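Since the structure comes first, as structure tokens, the remarks are kept for the end.
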Amino acid sequence: MKLSGKSIRTFIGAKDYTTSRNFYTDLGFQEVITSKNMSYFFSGDFGFYLQDAYVKDWVDNSMIFFEVTDLTSTLAHIKNLKLPEKYDSVRLSEIVHNDWGSEFFLHDPSGVLWHFGNFKTP
């Protein structure tokens with residue numbers, strides 16, 4: 001049998017669960033509450049689980065790569081949300097160009113590092 005699946009979903013923690021839930025809703029994800037201490041956030045066909053759990057070493061080393069079609073427009077959209085002004089410790093970078101493609105970074109209120117990027121086509 002060949003391994004096959006329909007989706008892959010990561011679990012991330014939250015230093016302040018309510019703040020993180022609000023942040024991800026503001027970012028544009030839809031929320032489905034799965035229990036009193038966990039929610040599923042999604043956009044289209046993909047998503048992730050946010051837990052009311054915080055282990056500093058785990059959260060500080062959590063990273064998610066979100067591949068987008070139009071990186072410049074995505075950055076402009078996120079800048080317009082003014083998330084760094086609304087949430088403590090949220091940081092947003094400018095676009096960085098690499099050999100493999102381009103990306104920018106967004107740290108969530110707990111320290112989870114999001115990479116928004118696209119890959120060069122061969």
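Nothing here was measured: the structure is a model prediction, and the numbers come from that model. Excluded from the calculations below are hydrogen atoms, water molecules and symmetry mates; all remaining heavy atoms, backbone and side chain alike, are included.
- Sparse packing is recorded around CG of Asp45, with 12 or fewer heavy atoms of other residues, nucleotides or ligands lying under 6.0 Å away.
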For residues 99-106, tabulate all N or O donor-acceptor pairs below 3.5 Å that involve a side-chain atom, not counting sequence neighbours.
| unit_1 | atom_1 | unit_2 | atom_2 | d |
| --- | --- | --- | --- | --- |
| Ser102 | OG | His97 | ND1 | 2.7 |
| Glu103 | OE1 | His115 | ND1 | 2.7 |
| Glu103 | OE2 | Asn98 | ND2 | 3.4 |

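- Taken from CG in Asp52 to OG in Ser35, the straight-line distance is 9.0 Å, to the nearest 0.5 Å.
- For the 3.5 Å distance criterion, the side chains of Tyr24 and Ser39 fail to qualify, holding no donor opposite an acceptor.
- Crowding of Lys36 atom NZ: a count of heavy atoms from other residues, nucleotides or ligands under 6.0 Å not exceeding 12.
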Enumerate, atom names and distances included, each donor-acceptor pair closer than 3.5 Å involving a side-chain atom of residues 61-69, sequence neighbours excluded.
| unit_1 | atom_1 | unit_2 | atom_2 | d |
| --- | --- | --- | --- | --- |
| Asn61 | ND2 | Asp57 | O | 2.7 |
| Ser62 | OG | Trp58 | O | 2.9 |

Self-check item: Full working for side-chain contact (heavy atoms from CB on, under 4.5 Å) between Thr72 and Asp70
Solution: CA-CA 6 Å; Thr72 302; Asp70 186 337; 3.8 Å; yes
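- Residue Val90 comes nearest to Pro84 through the heavy atom pair O-CB, 3.5 Å, listed as atom of the first residue, atom of the second, then distance.
- Annotation for Ala14 and Ser110: closest pair CA-OG, 3.3 Å, computed over non-hydrogen atoms.
- In summary, of the residues considered (Asp108, Asp16, Thr19, Asp26), a side chain to side chain donor-acceptor pair (under 3.5 Å) with Tyr87 occurs for Asp26 alone.
- Put simply, the side chain of Arg9 does not reach to within 4.5 Å of the side chain of Phe46, judged on heavy atoms.
- Taken from CG in Asn118 to CG in Leu71, the straight-line distance is 5.0 Å, to the nearest 0.5 Å.
- Between Phe48 and Phe29, the gap from one ring centroid to the other is short of 6.0 Å.
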Quiz item: Can you check side-chain contact (heavy atoms from CB on, under 4.5 Å) on Val59 and Val112, steps first, answer last?
Solution: CA-CA 6 Å; Val59 172; Val112 174; 3.8 Å; yes
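- Inter-residue side-chain proximity for Leu83 and Leu92 is flagged as unmet; no heavy-atom pair is nearer than 4.5 Å.
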Quiz item: Trp114 and Phe23: ring pair (Phe, Tyr, Trp, His ring centres under 6.0 Å), yes or no, with the steps?
Solution: CA-CA 13 Å; Trp114 284 75; Phe23 170 82; 8.3 Å; no
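- Hydrophobic clustering (side-chain heavy atoms under 4.5 Å, transitive across Ile, Leu, Val, Met, Phe, Trp, Tyr) keeps Leu113 apart from Leu50.
- Hydrophobic cluster membership of Val32, counting Ile, Leu, Val, Met, Phe, Trp and Tyr whose side-chain heavy atoms lie under 4.5 Å apart directly or via other members: Phe11, Met38, Tyr40, Phe42, Tyr49.
- Side-chain contact check for Leu81 versus Leu27: some heavy-atom pair is nearer than 4.5 Å.
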